[in-house]
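Take a look at the structure below.
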Number of protein chains: 2
Amino acid sequence: MKEHPLHRNTKQRQVILEELQKLTSHPTAVGLYRIVVRRLPKISLGTVYRNLDLLTKTGVIQKLEFGSEEARFDGNLTPHHHIRCVKCGRVDDVHRPPLDLLGGVKDDFNGYHVLGHRVEFFGLCPKCKTSL
Amino acid sequence: MKEHPLHRNTKQRQVILEELQKLTSHPTAVGLYRIVVRRLPKISLGTVYRNLDLLTKTGVIQKLEFGSEEARFDGNLTPHHHIRCVKCGRVDDVHRPPLDLLGGVKDDFNGYHVLGHRVEFFGLCPKCKTSL
DNA sequence: CTCATTGCAAATGATTTGCAAGAAA
DNA sequence: TTTCTTGCAAATCATTTGCAATGAG
């Protein structure tokens, strides 16, 4: 757990982070809420959203966004790519070394100051590819 | 313009496609609506959304989605990457040969049947990188 | 004629926010 | 205490949808 002087260490925050880090699936805010509410029956969905947002901004977790789908969260900060099932929305880690596409061209690219890039794969997950 | 037996060639559809293909900026639905409404004062935003959706599904244009930002549309179907300004949201084409990251591994990747991948760059556009 | 399409307005749905009560430090 | 957080509910906001009227083929 991180200790930021301005952020208080609440039970809700602890449990949210703890449960997220326990998972390898990449839950949506609602999905994580459903898990956390088992330990903290009074917690609200708004609190989950607020904490996921704060944890993302402080760099403790990462937010995964795929087009217009619901955002998903990942407690693993190690650089890695993701693959998303176009049928059920499931997201998995890709077990391959992440690619560095910026070979050399770090600073000026199309007149832009390049800050980074993202690679995402999509396809049919093990379950969905059979049940067609 | 495509002619699908089930799709009618309306003035609205024509103008929407025509104006989109004229642009190299990648407008949002509202942005394109503002342009189209100059030629068709009675058109509704809903019609723009419906046509952009239909044109995307029939493969005439492509929809670009960046995280939770508004979707943007591109009349250019040639495979290419995009770079997005994290400050103003502007999106530009990347003038470099698109990458094929799936070298060999086409069919089974993490147990998934891989359908494709997306690469997106982000940074500060020419205007925003100076005005900091 | 038929039925895809439109304009309009209301509905969605994920995410955000205002506010008063509650709890870290 | 101080002020960050929470729970709750209402508000956002891009996008979607229902419906009766319109128009393409």
Side-chain angles (χ1 to χ4, degrees), chain A residues 1-20 26-34 36-58 60-73 84 88-89 91, chain B residues 1-20 26-58 60-73 84 89 91:
Chain A
M1 192 64 178
K2 107 233 121 311
E3 16 262 303
H4 183 128
L6 300 174
H7 297 155
R8 294 178 179 173
N9 198 37
T10 65
K11 189 69 185 173
Q12 289 89 332
R13 190 118 76 217
Q14 274 174 222
V15 175
I16 288 170
L17 179 57
E18 203 174 302
E19 292 297 333
L20 177 59
H26 304 72
T28 60
V30 172
L32 188 55
Y33 165 76
R34 292 205 179 104
V36 165
V37 80
R38 301 204 284 253
R39 290 176 57 185
L40 302 173
K42 300 298 178 203
I43 200 172
S44 71
L45 180 55
T47 293
V48 173
Y49 270 109
R50 267 187 291 232
N51 277 298
L52 287 173
D53 189 53
L54 186 152
L55 291 167
T56 297
K57 287 181 174 146
T58 52
V60 179
I61 63 174
Q62 59 175 319
K63 184 177 187 176
L64 310 178
E65 304 187 290
F66 292 82
S68 48
E69 309 305 312
E70 277 173 273
R72 286 170 174 274
F73 297 85
R84 176 173 179 284
C88 71
V91 173
Chain B
M1 193 63 177
K2 108 233 120 314
E3 16 262 303
H4 182 128
L6 300 175
H7 297 155
R8 294 177 179 174
N9 197 38
T10 65
K11 188 69 184 173
Q12 289 90 332
R13 190 118 75 215
Q14 273 174 221
V15 175
I16 288 169
L17 180 57
E18 203 174 302
E19 293 297 333
L20 176 60
H26 303 73
T28 60
V30 172
L32 188 54
Y33 165 76
R34 293 206 179 104
I35 290 169
V36 165
V37 79
R38 300 204 285 253
R39 290 177 57 185
L40 302 174
K42 301 296 179 206
I43 200 173
S44 71
L45 180 55
T47 293
V48 173
Y49 269 110
R50 267 187 290 231
N51 278 297
L52 287 173
D53 188 52
L54 185 153
L55 291 168
T56 297
K57 286 180 174 147
T58 52
V60 179
I61 64 174
Q62 59 174 320
K63 184 177 187 176
L64 311 177
E65 303 187 290
F66 293 82
S68 48
E69 309 304 313
E70 277 173 273
R72 287 171 175 274
F73 297 85
R84 177 174 178 284
V91 172

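In the text below, chain A, chain B and the rest are named by the order of the sequence lines, each starting its count at 1. Just so it is clear, the structure is predicted and the values come from calculations on it, not from any experiment.
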Tell me, with the steps shown, if Lys63(B) and Arg72(B) meet side-chain contact (heavy atoms from CB on, under 4.5 Å).
CA-CA 6 Å; Lys63(B) 184 177 187 176; Arg72(B) 287 171 175 274; over 6 Å; no
Derivation of the side-chain contact (heavy atoms from CB on, under 4.5 Å) call for Val48(A) and Leu52(A):
CA-CA 6 Å; Val48(A) 173; Leu52(A) 287 173; 3.7 Å; yes
Tell me, with the steps shown, if Phe73(B) and Leu64(B) meet side-chain contact (heavy atoms from CB on, under 4.5 Å).
CA-CA 6 Å; Phe73(B) 297 85; Leu64(B) 311 177; over 6 Å; no
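Looking at Arg39(A), its side chain never comes within 3.5 Å of a backbone N or O of Val15(A) through a donor-acceptor pair. Proximity of a side-chain donor or acceptor of Thr47(B) to a complementary backbone N or O of Ile43(B) within less than 3.5 Å is not detected. Not a single donor-acceptor pair under 3.5 Å links the side chain of Arg84(A) to the backbone N or O of Val91(A).
Across all their heavy atoms, Arg13(B) and Arg8(B) have their closest contact at NH2-O, 2.8 Å.
For DNA chain C, the span of nucleotides reached by chain A at under 4.0 Å from its heavy atoms goes, 5' to 3', from dA14(C) to dA25(C).
Here dT15(D) presents its C1' atom at 11 Å from CD of Glu65(B), a figure rounded to the nearest Å. When the P atom of dG7(D) is taken as reference, atom NZ of Lys11(A) falls 13 Å away, rounded to whole Å. dG7(D) atom P lies 12 Å from atom CZ of Arg13(A), rounded to whole Å. Nucleotide dT15(D) holds its P atom 15 Å from the CG atom of Asn51(B), rounded to whole Å. Look at CD on Gln14(A): it is 11 Å from P on dT6(D), rounded to the nearest Å. Distance Leu45(B) CG to dC13(D) P: 15 Å, rounded to the nearest Å. Rounded to a whole Å, the CG atom of Leu32(B) is 15 Å from the C1' atom of dA14(D).
Defined by atom type and a distance below 3.5 Å, a donor-acceptor pair is present between the side-chain atoms of Ser68(B) and Glu65(A).
Across the interface with DNA chain D, nearest-nucleotide mapping of Asp53(B) and Ile16(A) shows Ile16(A) to be the residue nearer the 5′ end. Of the residues near DNA chain D, Gly46(B) and Leu40(A), the one whose nearest nucleotide (by heavy atom distance) lies more toward the 5' end is Leu40(A).
Here Gln12(B) does not reach the OP1 or OP2 of dG23(D): none of its side-chain N or O atoms lies under 4.0 Å away. Close to dT15(D), at under 4.0 Å from its OP1 or OP2, lies a side-chain N or O of Tyr49(B).
With distances taken from any side-chain atom of Arg8(B) to the nucleotides dT15(D), dT6(D), dA24(D), the minimum falls on dA24(D).
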Within the sub-3.5 Å range, which N or O atoms of nucleotides 19-21 of chain D have a protein N or O partner, and how far apart are they?
none

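For the side chain to side chain contact (heavy atoms under 4.5 Å, CB included) criterion with Ile61(B), the lone passing option out of Leu20(B), Asn51(B), Ile16(B) is Leu20(B).
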